[in-house]
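Before any comments, here is the structure.
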Amino acid sequence: MSGDTGDRPNGTDPAGRARGADAFGAGMGDHGDRTDTAGGESVAAGPAGVERPAALVNLREFEAAAWERLDPVFYDYFAGGAADEITLAANEAAFRRRALIPRVLRGQGPPRLGVTLLGQEASMPVLLAPTAFHRLAHPDAERATARAAAEAGVIMIAAMLSTVTIEEIAACGPRLWFQLYIQPDLEFTASLVRRAEAAGCRALVVTADSPALGRNERAERHGFHDLPPGMYCANMAEGGHVRQVALSPEISWRHVDRLREMTSLPIVIKGVLHPGDARLAVEHGADAIIVSNHGGRQLDTTPASLDRLAPVAEAVDGRVPLLLDGGIRRGTDVVKALALGAAAVAIGRPTLWGLAVGGQAGVARVLALLRRELAGTLALCGAATPGEVTADLVEEVASLR
Ligand SMILES: Cc1cc2nc3c(=O)[nH]c(=O)nc-3n(C[C@H](O)[C@H](O)[C@H](O)COP(=O)(O)O)c2cc1C
Ligand SMILES: CC(C)CC(=O)C(=O)O
């Protein structure tokens with residue numbers, strides 16, 4: 001992944017293909033025009049000559065198609081990781097390194113994928129991770145994502161830095177959690193919490209790995225620092241002005257305690273890699289933990305999130321459920337994370353690729369593909385449900401290195 005990105009937009013796509021010269025008309029490279037050229041449900045011919053999301057058969061193809069369709073500035077903002085992107089690459093490599101050791105002749109019947117997370121039912125153990133700025137991918141923005149999540153019965157974790165409000169997202173009907181960067185202005189934080197509660201969000205996800213903004217050098221190279229005119233962080237608007245978000249080094253466990261006093265919603269701490277922090281999260285009343293390195297976008301050279309699952313699980317010792325995000329691209333990846341101790345996983349970039357390729361239909365297709373792969377993997381492993389996936393189904397083996 002790393003190293004080849006500086007060549008774009010004149011280089012190659014994620015699968016090594018050359019980008020077609022001006023494949024999607026005027027506006028490529030001019031991100032002010034992007035929504036005119038890439039919006040809408042009808043999908044132009046992609047790298048494999050496909051015409052619509054339904055013709056794409058895996059998440060990799062969505063990534064390649066999104067690369068074709070998106071303004072390179074926005075593609076790189078979405079795709080990029082921090083610094084040398086060592087962690088970004090490690091997230092996917094950690095899944096490749098691990099083998100599935102299936103069980104046979106178990107007569108387990110058809111797989112049932114449903115799970116209950118923090119008291120909320122979901123149709124499969126795959127959530128939409130919070131990602132900022134969906135309007136960069138599609139003019140329907142988070143509304144399209146939310147409709148696809150509602151249709152699929154999966155939990156969407158709405159980002160605080162969404163480009164439509166949490167109320168508009170909730171109106172699209174998904175099972176909803178709200179991601180929060182705790183703001184040092186606790187009054188403002190409390191007002192966001194009240195809005196999330198009123199909108200029907202069923203959990204608050206506190207992003208803990210961002211006391212400062214990670215440096216995405218791809219975005220920096222493009223000079224991409226601000227949202228284009230007309231796009232803004234809708235939840236941060238108050239009286240004709242948009243509040244600046246603070247990713248503050250002042251935030252601490254004390255703030256989590258304050259949050260605990262503000263709300264009776266379950267609190268999920270996102271971005272834990274160290275067992276000591278996992279223990280602290282439980283002590284401070286967290287109801288779940290997301291093992292995550294923020295998709296390799298914050299501190300580079302942290303290990304793959306999958307590699308941190310077992311140590312965090314050991315520290316937590318079953319007291320709260322664990323979720324994992326980072327590098328999930330296949331149903332086999334989901335099963336490997338379940339085997340290593342996750343109750344569910346979340347996907348970040350694949351949602352954005354779906355959105356860029358086909359709005360609601362694109363995200364729906366991404367979810368449908370993962371669902372099919374997950375069902376197929378469970379069946380082939382001899383497990384009827386996500387809960388039946390046991391640690392012995394996964395091994396790190398030399399042959400897959
Ligand atoms: C474009 C982009 C924006 C993101 N924005 C946020 C955010 O606002 N809040 C947050 O907690 N995580 C954010 N993340 C991190 C994701 O929630 C998630 O941890 C990560 O994308 C998972 O890795 P994956 O992209 O390999 O699935 C963002 C990730 C991406 C790619
Ligand atoms: C604007 C950023 C704080 C959103 C984010 O978390 C990210 O891009 O990874």
Side-chain angles (χ1 to χ4, degrees), residues 1 14 59-60 62-63 66 70 73-82 85 87-95 126-137 142 145 155-163 166 177-183 204-216 218-220 224-227 231-236 244-248 251 268-273 289-300 302 304-306 308 323-330 333-334 337 342 345-356 366 370:
M1 280 302 281
L59 272 50
R60 299 265 167 234
F62 268 92
E63 180 175 5
L70 276 171
V73 178
F74 302 158
Y75 176 84
D76 277 343
Y77 164 66
F78 290 147
E85 303 189 334
T87 297
L88 175 66
N91 275 349
E92 293 186 15
F95 289 101
V126 178
L127 294 81
L128 301 187
T131 48
F133 312 150
H134 287 199
R135 208 179 155 78
L136 295 175
E142 287 81 2
T145 314
I155 294 168
M156 172 178 180
I157 309 177
M160 177 175 122
L161 302 181
S162 52
T163 43
I166 186 62
W177 296 1
F178 184 72
Q179 176 266 328
L180 188 64
Y181 286 113
I182 295 180
Q183 298 296 285
L204 291 176
V205 177
V206 174
T207 300
D209 60 17
S210 304
L213 186 60
R215 248 189 86 203
N216 178 338
R218 298 197 209 190
E220 210 168 292
F224 179 55
H225 302 298
D226 294 308
L227 288 173
M231 292 189 208
Y232 59 96
C233 295
N235 293 322
M236 306 296 282
Q244 196 71 30
V245 62
L247 299 190
S248 168
I251 304 304
V268 182
I269 305 292
K270 174 174 184 280
V272 171
L273 298 173
I289 289 171
I290 306 184
V291 177
S292 168
N293 52 36
H294 210 112
R297 294 165 73 84
Q298 285 295 103
L299 179 62
D300 197 23
T302 60
S305 17
L306 189 68
R308 300 311 297 163
L323 281 70
L324 169 130
D325 73 24
I328 298 278
R329 303 294 180 263
R330 285 282 188 186
D333 298 338
V334 181
V345 302
I347 53 169
R349 294 178 182 85
T351 309
L352 297 165
W353 306 147
L355 191 58
V366 162
L370 261 187

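One-based numbering along the sequence shown. Ligands are counted one by one from 1 in listed order, and the atoms in each one are counted from 1 as well. FYI, side chains are in, hydrogens and waters are out, and symmetry mates aren't considered; it's all heavy atoms of this structure.
- The part of His294 lying near ligand 2 is the side chain, judged by heavy-atom distances below 4.0 Å.
- Note that Arg297 lies in the cation-pi zone of Tyr77, set by a 6.0 Å cut-off to the ring centre and a 45° limit from the axis.
- Shown in contact with Gly326 at under 4.0 Å from a heavy atom are these atoms of ligand 1, numbered in order with element: 22 (C), 23 (O), 26 (O).
- Counting heavy atoms from C-beta on, the side chains of Ile290 and Val268 come closer than 4.5 Å.
- A salt bridge links Glu92 and Arg60; the closest N-O separation between the charged side-chain nitrogens and carboxylate oxygens is under 4.0 Å.
- Atoms of ligand 2 found under 4.0 Å from any heavy atom of Tyr77 (numbered from 1 in listed order, with element): 4 (C), 7 (C), 8 (O).
- Between Ile157 and Gln179, the closest heavy-atom pair is CG2-CB, 3.9 Å.
- The distance criterion of under 3.5 Å between nitrogen or oxygen atoms is not met by Ala346 with respect to ligand 1.
- Residue, atom and distance of the protein heavy atom nearest to atom 3 (C) of ligand 1 are Ala132 N, 3.5 Å.
- Among all heavy-atom pairs drawn from Val245 and Met236, the shortest one is CA-CE, 3.9 Å.
- Between Arg218 and Glu85, at least one side-chain nitrogen of the basic residue sits less than 4.0 Å from a carboxylate oxygen of the acidic one, meeting the salt-bridge criterion.
- Ring-plane geometry between Tyr75 and Trp353 is classed as parallel, the angle between the planes falling under 30 degrees on a 0 to 90 degree scale with a further cut at 60.
- Shortest contact from atom 9 (N) of ligand 1 to any protein heavy atom: Tyr181 OH, 3.1 Å.
- The pair Arg215-Glu220 counts as a salt bridge, with a side-chain nitrogen and a carboxylate oxygen less than 4.0 angstrom apart.
- For ligand 1 and Arg349, the ligand atoms under 4.0 Å from any heavy atom of the residue are 23 (O), 24 (P), 25 (O), 26 (O), 27 (O), 31 (C).
- Counting only heavy atoms of the protein, atom 19 (O) of ligand 1 lies nearest to Asp325 OD2, 2.7 Å.
- Nearest protein heavy-atom neighbour of atom 6 (O) of ligand 2: Tyr181 OH, 2.6 Å.
- Residues Ser292 and Asp325 come closest through the heavy atom pair OG-OD1, 2.6 Å.
- Atom 9 (O) of ligand 2 has Arg297 NE, 2.8 Å as its closest protein atom, hydrogens excluded (heavy atom only).
- Protein heavy atom closest to atom 12 (N) of ligand 1, with residue, atom name and distance, is Lys270 NZ, 3.0 Å.
- His134 and Thr163 are not linked by any side-chain donor-acceptor pair at a separation below 3.5 angstrom, with hydrogens and angles left out of the test.
- A centroid separation of less than 6.0 Å is found between the aromatic rings of Phe74 and Phe224.
- Heavy atoms of Arg297 found under 4.0 angstrom from ligand 1 belong exclusively to the side chain.
- Less than 4.0 angstrom separates some heavy atom of Leu161 from each of these atoms of ligand 2: 1 (C), 3 (C).
- Considering all non-hydrogen atoms of both residues, Gly326 and Phe95 come closest at O-CE1, 3.4 Å.
- A side-chain N or O of Asn91 and one of Asn293 form a donor-acceptor pair less than 3.5 Å apart.
- Those atoms of ligand 2 that come under 4.0 Å of a heavy atom in Phe133, given as number and element, are 1 (C).
- Distances from atom 2 (C) of ligand 2 to the heavy atoms of Thr131, Leu213, Asp209, Val245 put Leu213 nearest.
- Closest protein heavy atom to atom 6 (C) of ligand 1: Pro130 O, 3.3 Å.
- With ligand atoms numbered from 1 in the order given, ligand 1 contributes 10 (C), 11 (O) to contacts under 4.0 Å with heavy atoms of Thr207.
- In this structure, Cys233 and Phe133 approach most closely via the heavy-atom pair SG-CE2, 3.6 Å.
- Summary of contacts: the protein heavy atom closest to atom 15 (C) of ligand 1 is His294 CD2, 3.5 Å.
- Heavy-atom proximity to Arg329, at under 4.0 Å, picks out these atoms of ligand 1: 24 (P), 25 (O), 26 (O), 27 (O).
- Atoms of ligand 1 found under 4.0 Å from any heavy atom of Gly348 (numbered from 1 in listed order, with element): 21 (O), 24 (P), 25 (O), 27 (O).
- Against a heavy-atom cut-off of under 4.0 Å, Ser292 is close to the following atoms of ligand 1: 19 (O).
- Applying the 4.0 Å criterion to heavy atoms of Leu247 picks out, from ligand 2, the atoms 3 (C).
- Ligand 1 places these atoms under 4.0 Å from at least one heavy atom of Tyr77: 1 (C), 3 (C).
- Atoms CD1 and CG, from Ile289 and Leu324 in turn, are 12.5 Å apart once rounded to the nearest 0.5 Å.
- Within the structure, the closest approach of Leu352 to ligand 1 falls below 4.0 Å when heavy atoms are considered.
- Heavy-atom contacts of Phe78 reach the following atoms of ligand 1: 1 (C), 31 (C) (cutoff under 4.0 Å).
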